[in-house]
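For reference, the structure is listed below as structure tokens.
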Amino acid sequence: MQETPKEILEWTEMERYTGKRILKPDAPEEIQKKAIEFESQFYKLTGRRRIVNINIETV
């Protein structure tokens, strides 16, 4: 399985009640762009989401 890059993982946190991973709102723009790219590629390969608060439909 594909690992989430550490630079993106540092800017995520677990949502308290659902246990799902989310990107922090104060993440730098560069990290946000990398996270969108990673998440869209990961979704195309596996059909799963790792970071749930990213909109990948515009990519």
Side-chain angles (χ1 to χ4, degrees):
M1 174 147 308
Q2 187 177 6
E3 295 271 337
T4 305
K6 288 185 181 185
E7 61 186 358
I8 296 172
L9 202 55
E10 291 174 1
W11 286 97
T12 63
E13 59 190 5
M14 297 296 279
E15 204 170 36
R16 185 177 201 125
Y17 298 106
T18 63
K20 296 182 179 181
R21 190 160 293 281
I22 60 172
L23 190 66
K24 294 179 183 177
D26 60 341
E29 190 173 329
E30 177 184 325
I31 296 298
Q32 290 176 4
K33 288 179 182 178
K34 288 181 181 181
I36 291 169
E37 183 179 321
F38 167 77
E39 190 66 26
S40 65
Q41 291 297 320
F42 184 79
Y43 185 75
K44 286 178 187 176
L45 292 173
T46 65
R48 297 181 180 179
R49 296 289 306 263
R50 287 256 172 107
I51 305 170
V52 296
N53 68 332
I54 293 178
N55 184 5
I56 61 171
E57 294 184 14
T58 58
V59 176

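Formation of a donor-acceptor pair under 3.5 Å by the Q32 side chain with backbone atoms of A27 is found in this model. No donor-acceptor pair under 3.5 Å is formed between the side chain of E7 and the backbone N or O of I31.
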I would like to know whether R21 and R50 meet side-chain contact (heavy atoms from CB on, under 4.5 Å); could you show each step before the answer? CA-CA 6 Å; R21 190 160 293 281; R50 287 256 172 107; 6.0 Å; no
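We find the CD1-CD distance between I54 and E37 to be 11.5 Å, quoted to the nearest 0.5 Å. In this structure, the separation between CZ on F38 and CD1 on I51 is 6.5 Å, given to the nearest 0.5 Å. Within the model, atoms CD1 of I36 and CD1 of I8 stand 10.0 Å from one another, a figure rounded to the nearest 0.5 Å.
Heavy-atom minimum distance, A35 versus L23: CB-CD2, 4.2 Å. For R49 against Y43, the heavy-atom pair with the smallest separation is CD-CD1, 3.7 Å.
Applying the side chain to side chain donor-acceptor pair (under 3.5 Å) criterion to E10, with sequence neighbours excluded, gives no partner residue.
Within a 6.0 Å sphere centred on NZ of K24, heavy atoms belonging to other residues, nucleotides or ligands number more than 12.
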